[in-house]
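Let me give you the structure first, and then I'll get to my questions.
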There are 2 protein chains.
Amino acid sequence: MTRAGRPRGFVEAQVIGGARDVFWLRGYAASSLRDLTEATGLLPGSIYSSFGGKRDLFVRTLEDYAAGARQAADELRAAAPALPAIRAFLVGAVDAARVSPGRGCMLGNTAVELLPEDDTAREIVRKAFHDLEDGLAAALVNAQQDGEIRSDLDACPHARQLLALVQGLHVTARAEADPHRLVDAVDAALDALRPIV
Amino acid sequence: MTRAGRPRGFVEAQVIGGARDVFWLRGYAASSLRDLTEATGLLPGSIYSSFGGKRDLFVRTLEDYAAGARQAADELRAAAPALPAIRAFLVGAVDAARVSPGRGCMLGNTAVELLPEDDTAREIVRKAFHDLEDGLAAALVNAQQDGEIRSDLDACPHARQLLALVQGLHVTARAEADPHRLVDAVDAALDALRPIV
DNA sequence: ACTGTTCTTGATTGGTCGGCCAAAAATATG
DNA sequence: CATATTTTTGGCCGACCAATCAAGAACAGT
């Protein structure tokens, strides 16, 4: 086996990361090849020959982001105590809007921008949402076992509620200047789950 | 004062409505002037001379949509009994995703697509979100007075929670095939507010 | 019928887009 | 060094975009 040829001048993970930040901030359609070349250091020809074009590069970055979401779900599942971890996950959406305005969650952004017509992206987002929902459900069960929340509640639908809540926080945070109001909303949602004293 | 001149060949409300449906479905950037001419019956020149261009037409449609949201908020405020009206408002997001896939809420869509850089749109969305939040808070107070939900909860942060929840439902519904799972999430959120028997 | 005004028409314009390609550059191997 | 292989380079292409504008059309008033 000959192993000849010019070596690649880039680290793939860095290119994916740079492109992901562009798509994350601007969305798919509004990200031009020029934006991508500036963010990755690659020229259009290299993007085309190495990844197959803008669309394929986007799918790669979305998969990269979804892998991060799965990791967050695993951390939720393993966290102890569970309730503070759930709260940190929700408040994280509010903090992200403050630290990095205009980005939100790339899964939700993709769902809003191009999910009716794009089956590939839909499947990635659907699976990532399910991973997060499962992680939240496991954390809720752990919290129930530790007496942090009411044990008479069904964990699965509440996990779906919290997933929708965190996606909604990413959306409303874009128009809400005061982060405290959103943290209050998080605490309201979690207080309603606590046992009555 | 002379009132001469060729009469307009369109009804403004119909044009706004047609353009709103295009922007609602595709978003701002992905809506081409061609889409708009087909949906409104106007040609590019008329759009330009009558509304000032794509951007101004979008702002008009967004204001139209925001007016509908304010009306929904008023109906929430006046509804009796209040809790079923709140539930219907939330379930409406799930039903909308089933009946009209890929549209979601135009306020949330706009927030996700272009709010960092667009102050005009941000203000419209921010105000509409506040209207909805106020309507939800009033409905929650009414529900508390009627004993439908716990009276020890603070209505305002819970209204913000429900606003984020409904926006999140619009997002997650785009990737979730089964509406029942989302209705269960709505009921989970509302059950947690009910008084303990 | 004539004039002034307003609206509509549809082609044009300048610009940007994603995709593509041929040549140059950079390596490993013989 | 010579060759084969792979990557990079940077400009080019047709397509589409929003915006514009000059000419035509449809009215009210005189």
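All heavy atoms count here, side chains included; hydrogens, waters and symmetry mates do not.
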Out of C:dT8, D:dT8, D:dA18, which has the shortest distance to the side chain of B:Ser50?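 For B:Ser50, the side-chain atoms sit closest to C:dT8.
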
Would you indicate which nucleotide in C:dC17, D:dT8, C:dC7 comes nearest to any side-chain atom of A:Arg6?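 For A:Arg6, the side-chain atoms sit closest to D:dT8.
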
Scan B:Ser31 against the nucleic acid and name what it touches under 4.0 Å (heavy atoms): base, sugar-phosphate only, or nothing.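 Since only primed, P, OP1 and OP2 atoms lie under 4.0 Å of B:Ser31, the category is sugar-phosphate.
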
Please determine, by modelled atom types, if B:Glu133 and B:His130 share a side-chain donor-acceptor pair under 3.5 angstrom.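 The criterion, which ignores hydrogens and geometry beyond distance, is not satisfied for B:His130 and B:Glu133.
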
The side chain of B:Pro44 is closest to which nucleotide in this list: C:dC20, C:dA11, C:dG18?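 Closest nucleotide among those given: C:dA11.
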
Base, sugar-phosphate alone, or nothing: which one does A:Gly45 contact when heavy atoms must sit under 4.0 Å apart?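 Here A:Gly45 touches the bases of the nucleic acid.
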
In this structure, how many angstroms lie between the P atom of D:dT7 and the CD1 atom of A:Ile47, rounded?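 Rounded to whole Å, this separation is 15 Å.
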
Which of the following nucleotides, D:dA19, D:dC27, D:dT9, is nearest to the side chain of A:Ser46?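 Nucleotide nearest to A:Ser46's side chain: D:dT9.
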
Test: B:Arg194 and B:Asp191 ion pair at under 4.0 Å: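 Salt bridge between B:Arg194 and B:Asp191, a charged N being under 4.0 Å from a carboxylate O: yes.
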
In whole angstrom, give the distance that lies between atom CZ of A:Phe10 and atom P of D:dT6.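 Computing the A:Phe10:CZ to D:dT6:P distance gives 15 Å.
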
If you compare every side-chain N and O of A:Ser32 against the phosphate oxygens of C:dC17 (OP1, OP2), does one of them come in below 4.0 Å?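 Yes, within the criterion.
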
Listed partners of B:Glu123 passing salt bridge (charged side-chain N to carboxylate O under 4.0 Å, His left out), at least two apart: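 With sequence neighbours excluded, B:Glu123 shows a salt bridge (charged side-chain N to carboxylate O under 4.0 Å, His left out) to B:Arg126, given in chain and number order.
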
A:Pro7 has a side chain; which of C:dA26, D:dA25, C:dA28 sits nearest to it?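 Closest nucleotide to the A:Pro7 side chain: C:dA26.
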
Centre of B:Phe23's six-membered ring, under 6.0 Å away, within 45 degrees of the axis: is that where NZ or CZ of B:Lys54 sits?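 The answer is no; the distance or angle limit is not met.
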
Nearest listed nucleotide, side chain of B:Lys54, among D:dA19, D:dT7, C:dT8: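 Taking heavy atoms from C-beta onward, the closest nucleotide is D:dA19.
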
Distance in angstrom units between A:Glu12 CD and D:dT8 P, rounded: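 Distance, rounded to whole Å: 11 Å.
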
If each of B:Leu43 and A:Arg55 is mapped to the nucleotide of DNA chain C with the nearest heavy atom, which maps nearer the 5' terminus, i.e. the 5' end?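 It is B:Leu43 whose nearest nucleotide is closer to the 5' end.
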
In whole angstrom, give the distance that lies between atom CZ of B:Phe51 and atom P of D:dA19.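 In whole Å, D:dA19 P lies 14 Å from B:Phe51 CZ.
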
Is there a path of hydrophobic side-chain contacts, each under 4.5 Å between heavy atoms, that joins A:Tyr65 and B:Val112?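 Yes.
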
D:dA18 P sits how many Å from B:Leu57 CG, rounded?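 After rounding, the reported distance stands at 12 Å.
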
Would you please confirm or rule out a distance under 4.0 Å between OP1 or OP2 of D:dA19 and any side-chain N or O of B:Tyr48?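 For B:Tyr48, the contact criterion (side-chain N or O under 4.0 Å from OP1 or OP2 of D:dA19) is not met.
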
Could you check how far CZ of A:Arg8 sits from C1' of D:dT5, rounded to whole Å?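 Computing the A:Arg8:CZ to D:dT5:C1' distance gives 14 Å.
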
Please report the distance, rounded to the nearest Å, between CG in A:Leu33 and P in C:dG18.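 My rounded result for the distance is 4 Å.
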
For B:Leu42 and C:dG10, what is the distance between atoms CG and C1' respectively, to the nearest whole Å?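 That distance rounds to 14 Å.
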
